[in-house]
2 protein chains.
Amino acid sequence: MCAHCTVRQLSVCAALPDEDIGRLEAIMRTRSIEPGERLVEEGAPRRHVFTLTSGMLRLSSDLPDGRRQIGDFLLPGDYLGLADETIYAQTAEAVTASTLCSFAVKDMEALMASSPPLRDRLYSLTRRALQEARESQMMLGRLAPVEKVASFLLLLSRRLQRHGQPGNPLSLSMSRTDIADHLGLTIETVSRSFTKLKMQGLIVLPEPHLVEIRDRAALIAVAGLSIEA
Amino acid sequence: MCAHCTVRQLSVCAALPDEDIGRLEAIMRTRSIEPGERLVEEGAPRRHVFTLTSGMLRLSSDLPDGRRQIGDFLLPGDYLGLADETIYAQTAEAVTASTLCSFAVKDMEALMASSPPLRDRLYSLTRRALQEARESQMMLGRLAPVEKVASFLLLLSRRLQRHGQPGNPLSLSMSRTDIADHLGLTIETVSRSFTKLKMQGLIVLPEPHLVEIRDRAALIAVAGLSIEA
DNA sequence: CGTTATATTGAATGGATTCAAGGCCAGTGG
DNA sequence: CCACTGGCCTTGAATCCATTCAATATAACG
């Protein structure tokens, strides 16, 4: 039931008033996928778009020789299919067990055509995604490894918080390999960067997948990027 | 006169039928800027959006310590202001002498509200920009220097062609510094990469700012990225 | 508890960067 | 017309640091 959806306010669906939400439900299917499972594949025809309701996805592109770039991680409330036209530009896989709302592209387009707020919302989300991609370009192109990792932690912390999850002891659901493929590093360098930040007392790693930010100001200073609260 | 505009078919303006083009002209101002001149500044309130009609712009972000990332180069017909909301997310400067059509954001939004094709066109351009940014993430994060330069040449060649400029002996209007700041390299590494490609006979550099692609297939192979014609 | 996957740490290698010098071209002034 | 200057690009040599290769440690999971 969309009316009680926990991520409604974060997702595209917030654009629809209560009285119209039934129209969304009418064209919606729910789906759940297991960790590592592939939801859509780069190059395949774009037949469905999705809203993530729980879990985490990764959007990635592959090179023929196996190198991989993870463009973004999706959190609950995020929309999958913003950048794609007739085919999916990136592969989407589950980082953790995830649930989604699935929509046939045809249906969604029809709904968009009849609901300006929905359309505007999608446009706005696309702009936001573009801004974040530009930020990512800076990270990838001009930051040193420790700076990348510090920035990554801060940005993820902020996003988690906005998506209603704890932002400070933050859970890193993805593997070191995923982080490396997102930041353009090797897993060893990622690991060493974590260690450096640990040694400086900026973070604590009680477990490999749990990070506590101890000195946010100093972490921001290391990150280089301008990252506010 | 928009009716005779050379880039109309490439730009947002193509969305407007002849009978409505007058409405665009009514809110438009033309402007020209010199090489190196700054058009909009990162962080400044977004009051105008633009269509580039001739020349070339670079969109960049700066780090406090002076490091710079060029997110994109704009060619004639490209729109400036796609990603920005209330403030400009990137600085825009002229690479070469350029001319633009300038629109007050207020006016453009009003026009968008009354012209669905225009709105859709801007949405579509934003999606395209997002796709290109994702491609750029792969370049920055996972390609080796020579691969980056090869990809850059191929992608620029393709874009120039689409924008009605010669795609094969292609003119590199931007400096080596700009290329370096776009690819996340130093100017020396960019220069050495050109030399490598030259030595392998894939390109010829009659002048530093003119590149002839001699063996496109081999260049594509070096690039790694999947780039078609 | 044992097994496998994942993460960390160590040592070496290699390649981009840094630092420095030289070349090239356009513009300027003698 | 030619020397001089400054900006930009290229090349060379040395350095540094991320990567690679390898081993160990820790976590995850049956």
Side-chain angles (χ1 to χ4, degrees), chain A residues 34-36 58 63 65-70 95-97 139-153 171-200 203-211 222 224, chain B residues 34-36 58 63 65-70 95-97 139-153 171-200 203-211 222 224:
Chain A
E34 295 308 305
R58 57 170 176 256
L63 251 36
D65 62 8
R67 283 177 287 178
R68 186 176 67 148
Q69 176 67 38
I70 294 183
V95 172
T96 63
M139 282 179 59
L140 289 165
R142 284 299 178 219
L143 295 192
V146 224
E147 297 176 317
K148 288 183 180 181
V149 172
S151 301
F152 171 69
L153 290 177
S171 90
L172 289 182
S173 316
M174 69 293 288
S175 68
R176 294 293 189 265
T177 303
D178 284 345
I179 298 176
D181 285 344
H182 180 53
L183 299 178
L185 302 169
T186 60
I187 55 170
E188 293 94 334
T189 301
V190 170
S191 186
R192 283 186 245 268
S193 299
F194 273 120
T195 304
K196 276 185 199 170
L197 294 174
K198 227 165 40 184
M199 304 268 234
Q200 295 179 259
I203 63 171
V204 183
L205 278 172
E207 324 159 18
H209 289 276
L210 192 67
V211 181
V222 170
Chain B
E34 294 307 306
R58 57 171 175 255
L63 251 36
D65 63 8
R67 282 176 289 177
R68 186 177 67 148
Q69 175 66 38
I70 294 182
V95 172
T96 62
M139 282 178 59
L140 289 165
R142 285 297 178 221
L143 296 191
V146 224
E147 296 176 316
K148 288 183 179 181
V149 171
S151 301
F152 172 69
L153 290 176
S171 90
L172 289 181
S173 315
M174 70 292 287
S175 68
R176 296 293 190 264
T177 303
D178 284 345
I179 298 176
D181 284 345
H182 180 52
L183 299 178
L185 302 169
T186 60
I187 54 171
E188 293 94 334
T189 302
V190 170
S191 185
R192 283 186 244 267
S193 299
F194 274 118
T195 303
K196 278 186 197 168
L197 294 173
K198 226 165 39 182
M199 304 267 233
Q200 294 178 259
I203 62 170
V204 183
L205 280 172
E207 324 160 18
H209 289 276
L210 193 67
V211 181
V222 170

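A note on names: the letters A, B, ... follow the listed sequences, proteins ahead of strands, and every chain is numbered from 1. For the numbers below, each heavy atom of this structure counts, side chains included, while hydrogens, waters and symmetry mates do not.
Picking from D/dA18, D/dT11, D/dC9 the nucleotide with the shortest atom distance to the side chain of B/T195 gives D/dT11. The side chain of B/S191 lies closest to D/dT11 when the candidates are D/dA27, C/dT9, D/dT11. Listed candidates were C/dC19, C/dA7, C/dT8. Nearest to the side chain of A/T177 is C/dA7.
Atom CE of B/M199 and atom P of D/dT11 are 7 Å apart (whole Å). What separates CG of B/L185 from P of D/dA18 is a distance of 16 Å, to the nearest Å. Protein atom CG of B/L205 is 7 Å distant from nucleotide atom P of D/dT10, rounded to whole Å. Spacing between atom CG of A/D181 and atom C1' of D/dT19 amounts to 14 Å, rounded to whole angstrom units. Rounded to a whole Å, the CD1 atom of B/I179 is 12 Å from the C1' atom of D/dC8. In this entry the distance linking CD of A/E188 with P of C/dT13 reads 17 Å, nearest Å. Atom CZ in B/R67 sits roughly 10 Å away from atom P in C/dT18 (whole-Å rounding). We find that CZ of B/R176 is positioned 16 Å from P of C/dT17, with the value rounded to whole Å.
For B/R192 against D/dG12, a side-chain N or O and a base N or O form a donor-acceptor pair under 3.5 Å. Contact annotation: side chain of B/E207 to base of C/dC25, donor-acceptor pair absent below 3.5 Å.
Between C/dT17 and B/T189, a contact under 4.0 Å exists linking OP1 or OP2 to a side-chain N or O. Look at A/T186 and you won't find any side-chain N or O under 4.0 angstrom from OP1 or OP2 of D/dT20. A close approach under 4.0 Å does not occur between any side-chain nitrogen or oxygen of A/H209 and OP1 or OP2 of D/dA28.
For B/I187 against B/A180, the heavy-atom pair with the smallest separation is N-CB, 3.7 Å. Contact detail for B/H209 and B/M174: the closest heavy-atom pair is CE1-O, 3.2 Å.
Distance alone, capped at 3.5 Å, is enough to place a donor-acceptor pair between the B/S193 side chain and the B/T189 backbone.
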### Task
Take A/R67 and B/L143 through the test side-chain contact (heavy atoms from CB on, under 4.5 Å) and record every step on the way to the result.
CA-CA 9 Å; A/R67 283 177 287 178; B/L143 296 191; 4.2 Å; yes
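For the pair A/R142/B/D181, a side-chain contact is recorded, criterion being any heavy-atom separation below 4.5 Å from C-beta on.
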